[in-house]
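Remarks on the structure that follows.
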Amino acid sequence: MAILVQPDTKVLIQGITGGFGAAHAQLSLEYGTQIVAGVTPGKGGQVFESKVPIFDTVDEAMKETGAKVSAIFVPPAFAGDAIMESVDAGMDLIVAITEGIPVADMMRVCSMMGDSRSRLIGPNCPGIVTPGNGPESSGGCRIGIAPGYIHKKGSVGVVSRSGTLTYEAVWQTTLLGLGQSTCVGIGGDPINGTSHLDILKLFNEDPETESIIMIGEIGGSAEEEAAAWAKENCDKPIAAFIAGATAPPGRRMGHAGAIISGGKGTASAKKEALREAGIAVSETPSEMGSTLANIL
Amino acid sequence: MNIHEYQAKELFDQFSVPSPKGRVAETAEQAQQIAEELSGQVVIKAQIHAGGRGKGNFKNGFKGGVHLSESAEEIGVIAQQMIGEVLVTHQTGESGKVVNKVMVAQAVDISKEYYLAIVMDRESRSPVIVASTEGGVNIEEVAEKTPEKIIRETIHPLAGLQPYEIRKISSNLGFIGDTAKQFGRLLKALYKLFISCDCSLVEINPLVTTPDGQVLALDAKFGFDDNALYRQPEIEALRDPSEEDPREVAASEFGLNYIGLDGNIACLVNGAGLAMATMDIIKHFGGEPANFLDVGGGATEEQVTNAFKIILGDSNVKGILVNIFGGIMDCDVIANGIVGACKQVDLNIPLVVRLEGNNVEAGKQTLTSSGVNLIAADDLSDAAEKAVQSINV
Ligand SMILES: Nc1ncnc2c1ncn2[C@@H]1O[C@H](COP(=O)(O)OP(=O)(O)O)[C@@H](O)[C@H]1O
Ligand SMILES: [Mg+2]
């Protein structure tokens with residue numbers, strides 16, 4: 001089954017006519033993903049790559065095409081509004097790729113989402129991939145900006161705050177022949193829609209996922225919360241890596257959320273919490289796959 | 001982004017948050033003149049992006065970054081000892097910070113010092129007001145030793161600050177009557193400022209009451225959300241590049257994210273998480289990373305060239321590790337970028353390159369046949385080990 005998205009999931013792209021959105025819409029189509037609609041206000045009626053109809057509003061696009069998942073490729077200033085439009089339309093899942101959304105906007109978005117039916121992944125994330133059966137994992141569902149070909153359909157669930165570290169873990173598990181059930185980038189911002197813990201719960205329920213790689217980094221306490229839950233509730237083996245052991249305190253390390261503040265959110269505290277929960281912690285980013293393989 | 005206290009005071013004035021009258025000076029003469037205009041007792045305060053100035057010391061031996069005086073002449077003399085000198089506080093680190101400006105303000109009679117701050121809190125995804133009756137001291141210490149003396153009030157992001165929340169905080173701080181009213185007005189104004197300017201932090205330490213019944217902000221520290229600066233041009237204009245690492249300023253002009261560290265192995269990586277992890281693995285194999293450097297999604301020849309120039313501007317650097325997971329980008333394009341950059345900057349220290357991803361074989365071929373003296377690595381561990389070895393020969 002995989003989690004969140006399946007090969008037949010119908011996907012809409014908000015911002016499909018922008019350079020970045022268009023390039024990745026094209027790559028997703030080549031991967032075999034069901035990109036069924038685009039939304040760009042003012043460009044309704046046009047067609048993307050003579051395949052994908054473009055609409056002015058998410059509401060209209062959903063009604064016409066049955067899309068259930070939206071990917072946000074809208075510039076930071078308008079991304080909060082774009083997410084809310086998808087929440088209002090009743091999307092199941094909203095994947096916000098955009099980097100650089102003001103924190104105040106995300107705070108308002110998360111507050112307005114309240115108990116709506118939508119789930120938000122990101123922002124500032126590489127997206128989600130459920131690998132397919134075809135050559136180089138094509139035929140799967142690729143939402144976002146991850147390179148499709150590094151994946152392989154398999155049994156490892158990957159969840160990460162960082163894009164490139166996700167690719168490392170994916171590539172390592174592909175080379176080991178384990179492959180992935182679903183890979184989820186939850187994003188590097190301080191306020192995001194879905195946490196490590198939320199994804200661990202989904203992986204734990206998913207029959208196709210047999211083991212998990214969780215990648216965290218300095219800042220906040222999301223990894224600790226996930227570890228505490230996993231200790232009591234997770235039946236599947238977990239390997240983890242935490243980036244930022246050498247990061248100086250008080251500095252934002254590229255990601256808006258990667259900052260040690262007031263002595264909290266250090267890599268060593270997180271690793272300690274993970275180990276305490278029985279999770280296998282990989283010492284280096286190049287051993288994520290082998291650390292997992294060792295406990296299988 | 002941070003600003004100076006005198007700039008914070010200008011924001012306070014704009015939003016009607018009461019604080020003592022005062023102005024900024026860049027010379028001793030100006031400082032003395034402002035003191036004359038204000039008359040009576042005044043305070044002179046060194047302007048740097050760090051707190052703890054009162055208890056800090058100058059490298060020239062002069063003690064204290066905050067002084068009170070009745071004499072305008074003496075203010076001029078004190079300013080002379082501060083301007084152009086390096087002030088070290090518990091927040092600046094040993095290297096301290098150069099004082100380019102001082103603020104001269106009306107001194108106030110203090111009845112009691114309090115602490116008041118608003119922060120954007122990631123855990124509760126809301127603004128949180130933090131207040132304490134223990135002001136004018138290091139708040140982290142208060143939080144550690146007497147956590148019961150810290151008041152925290154979470155504000156609903158959509159509803160905003162409510163009158164009952166103001167009354168609750170005010171009552172917990174022990175304010176009554178007119179003082180409570182004044183505090184209420186101040187907090188309301190401060191919250192408005194916090195939201196309107198996309199702040200991540202506003203901290204007043206100390207907030208004071210005076211014998212004649214005023215409530216005033218005597219100090220101010222601001223942090224702003226960098227992601228929101230595009231819609232805060234007036235705030236962005238307050239940026240003081242002299243407070244920032246010049247290498248970081250240069251890097252940001254080229255769309256690079258650079259943070260200087262103390263080690264001697266520089267790294268150049270695509271992606272923030274991988275860049276952090278690359279620093280970590282250098283350390284793991286016994287080396288010391290010289291920097292964090294994220295070149296973002298791509299790595300064009302121009303970007304790599306500029307990145308090399310910034311890296312090589314650090315005289316501690318003895319070797320470079322380039323770690324690129326190509327992903328969507330064609331590794332051969334990246335390899336050509338690296339080779340072109342090496343030739344442009346005339347590289348004469350060891351360079352280890354780890355390239356992975358799309359079209360990687362062609363990329364490796366380009367690297368090895370380029371004639372550029374570099375060490376190719378198979379994977380990240382191999383790269384880090386080779387980088388550490390390369391500077392130890
Ligand atoms: N205008 C003023 N009048 C009287 N005392 C002041 C004034 N400004 C600051 N002080 C005193 O100096 C102390 C240190 O100043 P402050 O601005 O808080 O700098 P820092 O926090 O960097 O040490 C304050 O706690 C307060 O007691
Ligand atoms: Mg202070």
Side-chain angles (χ1 to χ4, degrees), chain A residues 20 23-24 27 76-77 99-108 110-112 126 145-147 149-150 160-168 171-172 188-191 215 217-221 241-248 251-258 262-263 267 283-287, chain B residues 91 120-123 125-127 140 143 156-159 195 198-200 225-231 257 259 261-263 269-285 288-289 292-294 296-297 323-329 356-358 379-384:
Chain A
F20 195 47
H24 285 285
L27 287 168
E99 175 173 5
I101 305 178
V103 179
D105 292 10
M106 280 317 299
M107 201 179 69
R108 279 191 284 271
C110 287
S111 188
M112 284 166 94
I145 59 176
Y149 70 91
I150 62 172
S160 169
R161 275 162 74 181
S162 147
T164 35
L165 279 177
T166 311
Y167 311 159
E168 287 284 347
W171 189 231
Q172 288 167 25
D189 274 6
I191 297 183
I215 303 165
E217 58 195 38
I218 54 165
S221 56
F241 176 72
I242 303 289
T246 49
R251 299 304 312 265
R252 239 168 254 289
M253 306 304 286
H255 286 154
E283 279 306 323
T284 71
S286 49
E287 295 163 304
Chain B
Q91 287 185 9
M120 210 49 122
D121 180 54
R122 66 196 285 175
E123 257 51 80
R125 304 164 168 221
S126 310
E140 268 103 38
H156 193 287
L158 301 178
I195 296 296
D198 276 300
C199 298
S200 51
D225 175 12
D226 291 333
N227 285 353
L229 288 178
Y230 74 87
R231 63 186 179 199
N257 209 328
I259 293 175
L261 302 168
D262 299 330
V269 190
N270 66 330
L274 191 58
M276 269 189 277
T278 304
M279 289 164 33
D280 296 349
I281 200 169
I282 289 172
K283 177 97 180 175
H284 179 82
F285 285 106
E288 290 291 338
F292 168 91
L293 176 57
D294 170 16
N323 180 22
I324 305 282
F325 200 110
I328 302 295
M329 284 272 303
E356 191 59 82
N358 200 3
D379 60 33
L380 187 42
S381 291
D382 185 42

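The shown structure was predicted, so the numbers you read here are calculated from the model rather than taken from an experiment. Lettering follows sequence order; numbering is per chain, from 1.
- In this structure, OG on A:Ser111 lies 3.5 Å from CG on B:Leu158, to the nearest 0.5 angstrom.
- For B:Asn227, the parts lying under 4.5 angstrom from a heavy atom of chain A are both the backbone and the side chain.
- For the set A:Ala256, A:Ser221, A:Pro76, the entry with the most heavy-atom pairs within less than 4.5 Å of chain B is A:Ser221.
- A:Gly254 and B:Asn257 make their closest contact through CA-ND2, 3.4 Å (heavy atoms, listed as atom of the first residue, atom of the second, distance).
- Comparing A:Pro248, A:Ala247, A:Gly188, A:Gly220 by how many heavy-atom pairs each has under 4.5 Å with chain B, the most go to A:Gly220.
- Ranked by heavy-atom pairs under 4.5 Å with chain B, the list A:Val103, A:Leu27, A:Ile215 is led by A:Val103.
- Checked by atom type and distance alone, the side chain of A:Arg251 never pairs as donor or acceptor with a backbone atom of B:Ile259 at under 3.5 Å.
- Interface residue A:Ile101: only backbone heavy atoms are found under 4.5 Å from chain B.
- Closest of all the heavy-atom pairs between B:Gly357 and A:Tyr149 is C-OH, 2.9 Å.
- Taking chain B as the reference chain and counting heavy-atom pairs below 4.5 Å, the highest number among A:Met253, A:Arg108, A:Met106, A:Glu217 is found for A:Met253.
- Residue B:Ala275 does not touch chain A at all, counting heavy-atom pairs closer than 4.5 Å.
- The part of A:Ile242 that comes within reach of chain B is its backbone (N, CA, C, O), which places non-hydrogen atoms under 4.5 angstrom from that chain.
- A:Leu165 CG to B:Thr278 OG1: the interatomic distance, rounded to the nearest 0.5 Å, is 8.0 Å.
- Per-residue heavy-atom pair counts under 4.5 Å with chain A were compared for B:Asp280, B:Leu293, B:Asp379, B:Asp262, and the maximum is reached by B:Asp280.
- For the atom pair B:Arg122 CZ and A:Met107 CE, the distance stands at 14.5 Å (nearest 0.5 Å).
- Listed options A:Cys110, A:Ala77, A:Ala23 were ranked by heavy-atom pairs under 4.5 angstrom with chain B; first place goes to A:Ala77.
- For B:Ser126, the side-chain contact (heavy atoms from CB on, under 4.5 Å) partners are B:Ser124, B:Thr154, B:Pro157, not counting sequence neighbours.
- Note: A:Thr284 OG1 to B:Ile282 CD1 = 12.5 Å, rounded to the nearest 0.5 Å.
- Both the backbone and the side chain of B:Asn358 come within contact range of chain A, each with at least one heavy atom under 4.5 Å from a heavy atom of that chain.
- With rounding to the nearest 0.5 angstrom, the CD atom of B:Glu356 is 13.0 Å from the OG1 atom of A:Thr164.
- Residue with the most contacts toward chain A among B:His156, B:Arg231, B:Glu140, B:Lys283: B:Arg231 (heavy-atom pairs, distance under 4.5 Å).
- In terms of non-hydrogen atom pairs under 4.5 Å with chain B, the most contact-rich of A:Glu168, A:His255, A:Arg252, A:Glu283 is A:Glu168.
- Residue B:Glu288 does not touch chain A at all, counting heavy-atom pairs closer than 4.5 Å.
- For a residue to count as touching a neighbouring chain, one of its non-hydrogen atoms must lie under 4.5 Å from one of that chain's; by this rule A:Tyr167 touches chain B with backbone and side chain alike.
- Heavy atoms only, all atoms of each residue included: A:Ser162 and B:Gly273 are closest at OG-CA, 3.4 Å.
- The main-chain N or O of A:Pro102 is never found under 3.5 Å from a side-chain atom of B:Asp225 such that the two would form a donor-acceptor pair.
- Using a 4.5 Å cut-off between heavy atoms, A:Ala146 contacts chain B through its backbone alone, with no side-chain atom that close.
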Fill in: side-chain hydrogen bond (donor to acceptor under 3.5 Å, both in side chains) assessment of B:Ser381 paired with A:Glu287
CA-CA 9 Å; B:Ser381 291; A:Glu287 295 163 304; 5.6 Å; no
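- For chain A, the nearby part of B:Met120 is the side chain; its heavy atoms alone come within less than 4.5 Å.
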